[in-house]
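First listed ligand is number 1; within each ligand, the first listed atom is number 1. Computed from a predicted model, the values in this text were never measured in an experiment.
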Amino acid sequence: DAITVQELANRMAERAGDVIKSLMKMGMMATITQSIDSDTAELVVAEFGHKSKRVSESDVELQLQGKEDSPEDLKPRAPVVTVMGHVDHGKTSLLDALRRSDVAAGEAGGITQHIGAYQVKVPSGARITFLDTPGHEAFTEMRARGANVTDIVVLVVAADDGIMAQTVEAIRHAKAAGCPIIVAINKCDLPDADPNRVRTELLQHEIVVEEMSGDVLSVEVSAKTQQGLDKLEEAILLQAELLEVKANPDRRAEGAVVEAKMEKGRGSVATVLVTKGTLNVGDIFVAGAEWGRVRALLDDRGQRVKSAGPSTPVEVLGLQGTPVAGDEFGVVESESQAREIAEYRQRVLREKSAVAGARGSVEQMLSAIAAGQAEELPVVIKTDVHGSLEAIRTTLEKLSNDQVAVRILHGAVGAISESDITLAKASGALVLGFNVRAVPQARDMAQQEGLEIRYYSIIYELIDDIKAALTGMLSPDL
Ligand code: GDP
């Protein structure tokens, strides 16, 4: 842990020159941009007569976390849904159609706004929240940043086209996130629609719908004619009931940033999806490495509201900077606390970007395993032939011990693709290539993300590496 002279001075509200002088008295020559270690910093702080407080990620977690909710405080909330599926299968059309079907839309009469998420009210009065950035990239990106806000994935499959490449990817991403899937068989208005073919094809991807004696709900819909939309909403609400989606509305708000931008005249604006508690005008909050005080809240119709409870998306005005989609959001007690957390995080971000090519999530995962905090080692494996994939799979499954299990997020034949990298990044997984290479785009992406791809041509070497990883002893430069 280190801090620059400038930052230390800022935090103490002292002049940097005075800090440099104080360091000189200790026999240290330092410039304003130079980093000093935390022990030295503490001495300086004491010299100025301030009380020192080291902030660590765990302190931040503690400050952001309220008390555990007791079960009786939990109230049902609207489920949060992400729509995924192959391009042109009708994700956007379906999201539009669902929004138009909202019974509350007529009542309020407000102009609908695109804020990244919206909520619909069904005739029974129940509500459903939809994230309106369809597709698995946004979903995975959010998850990679730690925001697991989606309760249910609606997988859109066009009845005239069937399962396509991105359908399979969407299934994989939903499964990796542990999100239940509801299948919306779309374009059922078309003469060549074949919903049964879709159901059959899904079997190959381990999605067994009810009609095939499984437990995955599937609904035939048409975004064009609005046919089946009510059934789809019913299915979502049924699934939500099974999942028991609940939250305590009576606490400090927590949530995730769904969208954020700079706007002329409005400053930084973020759409926040509240996951717990209630967000109020006037609340002081942290959003990722930014903080602010809620100046105004606007709902998905652009109307001002005073507060927003669980599962409600709202636009928040009053940010000091622009956070990033997927950043966590939390209300804190005081402005000084908010500043402290935001500054700490900004420093961490700077340090991270300074370490060129740092191995991010995988390294963290491995150290978490070593520290006994993680129970799973997620991996993505690509091989040249099916035979070797199966051999590796079987051996890896046997390798899992009581404490740690290898979890194969995705195993397939073929080159390592960009989608493999996205998936690995979101789950902090190791990417293993056996007799295959990464396509150039995937290699570039892995490099940018600081994610390592390991290549092998001998099975036992791969197995030995995983064994080492499981015991937290993987040498980083293999
Ligand atoms: P996305 O890429 O998955 O978001 O798909 P879009 O919503 O953009 O739809 C792709 C095309 O399919 C558009 O031309 C839509 O008009 C059409 N489409 C979407 N849903 C339906 C449907 O239910 N029936 C018919 N006939 N066409 C649809």
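- Sparse packing is recorded around CD of Glu244, with 12 or fewer heavy atoms of other residues, nucleotides or ligands lying under 6.0 Å away.
- Within a 4.0 Å radius of atom 14 (O) of ligand 1, the protein has no heavy atom.
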Inset, instruction - Could you go through the side chain to side chain donor-acceptor pair (under 3.5 Å) check for His86 and Thr167 one step at a time? - result: CA-CA 5 Å; His86 194 69; Thr167 317; 4.7 Å; no

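- Taking every non-hydrogen atom of Asp189 and a distance limit under 4.0 Å, the qualifying atoms of ligand 1 come out as 22 (C), 23 (O), 24 (N), 25 (C), 26 (N).
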Legend entry - Derivation of the side chain to side chain donor-acceptor pair (under 3.5 Å) call for His114 and Asp132: CA-CA 8 Å; His114 170 92; Asp132 71 359; 3.3 Å; yes

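- Considering Gly85, Pro191, Ser93 only, the shortest heavy-atom separation from atom 7 (O) of ligand 1 involves Ser93.
- By heavy-atom distance, the residue among Val83, Asn186, Thr92 lying nearest atom 4 (O) of ligand 1 is Thr92.
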Inset, instruction - Could you check Gln119 against Thr129 for side chain to side chain donor-acceptor pair (under 3.5 Å), going step by step and ending with a plain yes or no? - result: CA-CA 4 Å; Gln119 203 174 56; Thr129 301; 3.1 Å; yes

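- Those atoms of ligand 1 that come under 4.0 Å of a heavy atom in Val87, given as number and element, are 2 (O).
- Within the 4.0 Å heavy-atom criterion, both parts of Lys224, backbone and side chain, lie near ligand 1.
- Lys175 NZ: more than 12 foreign heavy atoms inside a 6.0 Å radius.
- Taking the ring centre of Phe130 as origin, the terminal cationic atom of Arg99 falls outside the region bounded by 6.0 Å and 45° from the ring axis.
- Salt-bridge check for Arg199 with Glu210: failed, with every basic side-chain N at 4.0 Å or more from each acidic carboxylate O.
- Short contacts between ligand 1 and His86, defined as distances under 4.0 Å to a heavy atom of the residue, involve ligand atoms 3 (O).
- In summary, the atoms of ligand 1 found under 4.0 Å from a heavy atom of Asp88, numbered by their order in the structure, are 1 (P), 2 (O), 3 (O), 5 (O), 10 (C), 12 (O).
- The distance criterion of under 3.5 Å between nitrogen or oxygen atoms is not met by Cys188 with respect to ligand 1.
- Distance from atom 23 (O) of ligand 1 to its nearest protein heavy atom, with residue and atom name: Ala223 N, 2.8 Å.
- In this structure a side-chain-to-backbone donor-acceptor pair under 3.5 Å is missing from His410 to Val380.
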Legend entry - Chi angles and distances behind the side chain to side chain donor-acceptor pair (under 3.5 Å) call for Asp96, Ser93: CA-CA 5 Å; Asp96 287 347; Ser93 307; 5.9 Å; no

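- Looking at atom 28 (C) of ligand 1, its nearest protein heavy atom turns out to be Lys187 CE, 3.7 Å.
- Put simply, the side chain of Asp465 never gets that close to the backbone of Leu462: no donor and acceptor are under 3.5 Å apart.
- Taking all heavy atoms of Met84, Gln226, Lys91, Gln227 into account, the minimum distance to atom 3 (O) of ligand 1 is reached by Lys91.
- The distance from ligand 1 to the heavy atoms of Leu190 drops below 4.0 Å at these ligand atoms: 26 (N).
- Nearest protein heavy-atom contact of atom 5 (O) of ligand 1 is Gly90 N, 3.1 Å.
- Backbone and side-chain nitrogen or oxygen atoms of Leu94 are examined, and none is located within less than 3.5 angstrom of a nitrogen or oxygen of ligand 1.
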